[in-house]
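This report refers to the structure that appears directly beneath it.
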Amino acid sequence: MPSLELSLNDLNAPQREAVTHSGSPLLIIAGAGSGKTRVLTYRIAHLLEQRGVRPGEILAITFTNKAAAEMKQRVEGLISSRAANAMWVLTFHSACVRILRREGGRLGYPSSFTIYDAADSKRLMQLVCKEMDLDPKRFPPKSFSAQVSNLKNELIDYDTFGESAQTEQEKKLAEAYTLYQRRLHEAGAMDFDDLIMLTVNLLEMFPDVAEYYRRRFRHVLVDEYQDTNHAQYRLVRQLVGIGGDTDPAAFPPPELCVVGDADQSIYAFRGATIRNILEFERDYPEARTILLEQNYRSTQNILNAANAVIQRNPDRREKKLWSDQGIGPKITGYVADNEHDEAAFVVGEIDKLHDEGEFTPSQVAVFYRTNAQSRVFEDVFIRTGLPYKIVGGVRFYERKEIRDILAYLRVLANPEDTVSLRRILNVPKRGIGDRAEESIELFAARERISFAQALRRAQDAPGIATRSLKAIREFTALLEELEELAPSSSPSEIIEAVLHRTGYLSELANSKDIQDESRVENLEEFVDVAREFENTFSGPLYGGEEEEEPGAAAGEETGPEGAAAATGEGAGEEAEGEGETTPEPTLVDFLEQISLVADTDQIPDADESGGVVTLMTLHSAKGLEFPVVFLTGMEDGVFPHMRTLGEKEELEEERRLAYVGITRAQQRLYISRSAVRSAWGTPSYNPASRFLDEVPKDLVEWRRSESAIAPSRPKFATQSRKPSARPSREVPTLEVGDKVTHDSFGMGTVQLVDGVGDRTKARIDFGADIGEKDFLVKFAPIEKL
DNA sequence: CAGTCTACTATTTTT
DNA sequence: TAGTAGACTG
């Protein structure tokens with residue numbers, strides 16, 4: 001066993017304290033670059049080696065698979081890998097899936113339930129809204145879907161929401177939520193938010209299950225705690241047995257350790273609440289808080305800039321990062337005339353850094369606020385031949401052809417999965433059109449049977465065309481054929497069978513659309529992904545390796561299954577995950593991997609010779625670090641984003657995003673903006689980002705501080721040369737309370753003005769009949785009265 | 001039923 | 001500008 005005593009010396013005092021603290025809940029506030037992952041992994045090693053904790057008693061939760069993998073790998077570097085295998089180091093979602101696969105039966109779900117991603121759940125909501133005959137203009141399915149997601153994040157079920165529904169909108173939403181949830185249940189499916197919510201429900205409703213996990217996991221560690229939403233917060237509370245429904249007196253609660261940094265919370269728009277970290281000491285009165293402020297990543301100049309920016313946010317716990325890495329060079333600033341010019345500057349600098357032998361391209365990252373901004377960089381990078389890699393954007397598993405085949409696989413794994421079934425019904429084209437689909441749906445509703453069952457009884461469906469019926473027969477026969485071979489085939493074999501027997505591949509092969517060529521390639525890659533999965537498979541994500549030495553458990557493990565557990569939980573079937581029996585990967589395992597584990601092609605390896613420049617959004621950059629960072633598009637309206645300018649909280653989140661961006665840089669930081677930027681075809685003139693003003697002047701050396709085309713802060717567009725659709729017209733300067741007339745809505749009152757320059761928006765109230773509407777002032781046919 | 005056309009909309013997104 | 005979703009027509 002490696003001596004941990006020695007390695008504790010690599011830690012600073014607060015880090016060491018965080019590693020060794022015991023006996024009460026622990027909050028570690030870890031500033032950017034303060035060695036958070038190191039502390040977490042050392043803490044785990046310390047638990048195992050010094051405190052006699054068994055690996056099976058540790059549950060470490062992260063948000064991303066990448067973080068989980070990294071933590072696991074780094075723990076393995078400290079202790080034996082066999083021990084590391086018995087720990088649960090998982091994302092919130094995969095941990096919940098493990099629990100739900102075992103216990104979901106109590107909630108009426110099959111253990112092979114399907115996981116719907118955001119696209120699937122939107123599709124289902126669309127079907128639900130159509131079924132309810134809702135006007136998509138007044139009740140947009142997309143918005144309903146988002147709202148249901150928010151409700152689930154708040155653990156508000158449809159009944160509770162329905163009771164308090166007042167307006168028509170809310171009532172319809174409650175109805176849609178109810179129906180949506182019923183459809184999910186019928187399809188044996190859960191959406192992402194269900195994974196968390198239903199696990200909380202399960203633990204709250206079945207105290208024996210909750211107790212089982214509390215007895216089992218004596219240590220619960222949570223990473224990125226500032227990103228937890230309410231449901232995840234409640235889940236953690238359930239796991240440690242505080243605030244739960246069961247009697248906590250029976251045995252001591254598990255020890256909780258959370259790590260986070262409120263200043264790096266950038267996912268509030270997804271329901272994350274900063275509250276969870278700010279109020280940790282109130283939630284857990286015994287808690288100890290440790291602050292990590294020494295940064296091991298960046299130069300002091302970079303940290304000073306970051307500190308200055310984040311300080312503008314009110315109501316935060318004061319925290320000042322410092323570094324002993326030296327002052328470092330100043331930040332380089334650049335004002336470009338347009339976005340191409342900006343990209344050219346970035347490329348030029350990267351070339352220069354490379355030529356001077358200071359940095360290789362792989363040490364450089366370019367950040368931007370929105371994915372759309374990547375295009376220009378891509379253009380310029382290609383033109384100059386500088387190798388690059390864009391992280392994010394259209395993801396592999398979101399491509400149409402992959403989703404089509406996935407839908408087949410899901411139907412094979414779970415025939416009741418209606419969303420997937422309806423997706424492939426007429427893919428490839430086989431003559432089952434909207435008409436036929438509708439009559440099957442109607443028939444299913446009337447007979448109170450599932451869509452899948454209705455399909456198999458299609459001959460009884462009223463008003464179905466003979467031609468359609470024949471096509472449906474062929475389709476169900478095809479499915480049966482595939483279902484037959486599925487149980488004895490590996491995932492990759494199943495995929496190949498689907499590709500060939502459905503005619504999907506030949507349809508693409510016969511197409512003359514060039515896009516379809518790359519589709520075929522993607523599908524080939526998909527088969528490879530499946531093969532790779534089979535080769536590296538080490539046991540299912542769920543179930544699998546439980547206790548490694550069941551007998552040694554402190555106190556008898558009372559399994560949640562009552563009688564079954566009495567025969568010795570852990571010693572039985574569950575234990576075979578490791579060792580002797582190499583488990584065969586099932587289709588369900590494969591599908592789960594795909595839904596829960598995002599992209600294979602992510603951040604390029606830094607140490608590859610020369611390597612490539614990494615381009616990504618600021619959000620994707622969280623958790624990463626690069627020797628050289630370019631923060632681009634520093635313009636009000638771009639970053640901070642136009643849509644955040646009105647809301648105080650959202651602007652604060654943008655500022656945190658800026659903080660995250662700045663603190664990614666280790667040695668060199670560049671900040672740039674462009675005077676003109678084309679958005680959706682039309683150029684717009686943006687003023688400098690307010691975040692630029694928040695960086696102390698003496699930290700920045702401006703390579704170019706003014707644009708040639710817009711010497712001072714331009715007010716409005718010098719309307720482009722070519723006549724736009726709208727004849728040139730006075731753009732009114734509006735203020736709240738102004739009366740205006742609109743060409744089609746008539747007279748109204750300005751309620752809200754928001755945004756900058758060309759992108760100024762106004763909310764105008766046209767009275768009871770029409771209500772409030774938002775306009776882009778530049779384009780709206782409004783006149784000030 | 002299937003291909004084509006038009007109208008619409010447009011952050012960030014760990015799972 | 002560009003991608004998509006629904007309507008329209010052959």
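Below, chains carry the letters A, B, ... as their sequence lines are ordered, and counting in each starts from 1.
Between the CZ atom of A:Arg435 and the C1' atom of B:dA2 there is a distance of 15 Å, given to the nearest Å. For A:Ile432 and B:dA2, the CD1 to C1' distance is 14 Å, given to the nearest whole Å. In this structure, A:Leu651 atom CG and B:dT12 atom C1' are separated by 14 Å, rounded to whole Å. Counting to the nearest Å, the P atom of B:dC1 and the CD atom of A:Glu438 are 10 Å from each other. Taking atom CD on A:Glu224 and atom C1' on B:dT15, their separation rounds to 14 Å, with Å as the unit. Taking atom CD1 of A:Ile266 as the reference point, atom P of B:dT13 lies 9 Å away to the nearest angstrom. Rounding to whole angstrom units, CD of residue A:Glu653 and P of B:dT11 are separated by 16 Å. For the pair A:Met642 CE and B:dT9 C1', the interatomic distance rounds to 12 Å; values are reported in whole Å.
Between B:dA2 and A:Asn426, a contact under 4.0 Å exists linking OP1 or OP2 to a side-chain N or O. Put simply, A:Asn371 has a side-chain N or O that comes within less than 4.0 Å of OP1 or OP2 on B:dT12. The side chain of A:Thr682 contributes no N or O atom lying less than 4.0 Å from OP1 or OP2 of C:dT1. In this model, the phosphate group of B:dT13 is approached by a side-chain N or O of A:Ser620 to a distance below 4.0 Å at OP1 or OP2. The shortest distance between the side-chain N/O atoms of A:Gln126 and the OP1/OP2 oxygens of C:dG6 is below 4.0 Å.
In this structure, A:Phe269 counts as stacked on the base of B:dT12 under the 5.5 Å centre distance and 30° plane angle limits. Once the 5.5 Å centre distance and the 30° plane angle are applied, the aromatic ring of A:His641 is found stacked with the base of B:dT11. Applying the 5.5 angstrom centroid cut-off and the 30 degree plane-angle cut-off, the aromatic ring of A:Trp680 is stacked upon the base of B:dA10.
A 6.0 Å sphere centred on CD of A:Glu517 holds no more than 12 heavy atoms belonging to other residues, nucleotides or ligands.
In this structure, A:Arg98 contributes its side chain and A:Ser94 its backbone to no donor-acceptor pair below 3.5 Å.
Checking A:Gly431 against A:Tyr267, the closest nucleotide of DNA chain B that is more toward the 5' end is the one next to A:Gly431. For the pair A:His619 and A:Thr91, nearest-nucleotide mapping onto DNA chain B gives the more 5' position to A:His619.
When only modelled atom types and interatomic distance are considered, A:Tyr116 and A:Asp417 share a side-chain donor-acceptor pair under 3.5 Å. There is a side-chain donor-acceptor pair under 3.5 Å between A:Glu342 and A:Ser672.
When distances are taken from the side chain of A:Lys429 to each of B:dT15, B:dG3, B:dT11, the shortest belongs to B:dG3. With distances taken from any side-chain atom of A:Thr370 to the nucleotides B:dC1, B:dT11, B:dT13, the minimum falls on B:dT11. Looking at the side chain of A:Thr617, the nearest of the listed nucleotides B:dT13, B:dT11, B:dT15 is B:dT13. Among the nucleotides C:dG3, B:dC1, B:dT15, the one closest to the side chain of A:Arg375 is C:dG3. For A:Asn65, taking side-chain heavy atoms from C-beta onward, the closest of the listed nucleotides B:dC1, B:dT15, B:dT13 is B:dT15.
Pairing each heavy atom of A:Lys36 with each of A:Ala30, the nearest pair is CB-CB, 3.8 Å. The heavy-atom pair separating A:Ala436 from A:Ile464 by the smallest distance is O-CD1, 4.3 Å.
Taking the syn range as angles within 90° of 0, the glycosidic angle of B:dT12 is outside it, so the base is anti.
Nucleic acid contact for A:Thr62: none, since no nucleic acid atom lies under 4.0 Å from a heavy atom of the residue. Using a 4.0 Å heavy-atom distance criterion, A:Ala118 is classed as making no nucleic acid contact.
In this structure, A:Arg422 satisfies the cation-pi test against A:Phe451, with its NZ or CZ atom closer than 6.0 Å to the six-membered ring centre and inside 45 degrees of the ring normal.
On a pure distance criterion of 3.5 Å, no polar donor-acceptor pair joins the side chain of A:Arg270 and the base of B:dT12.
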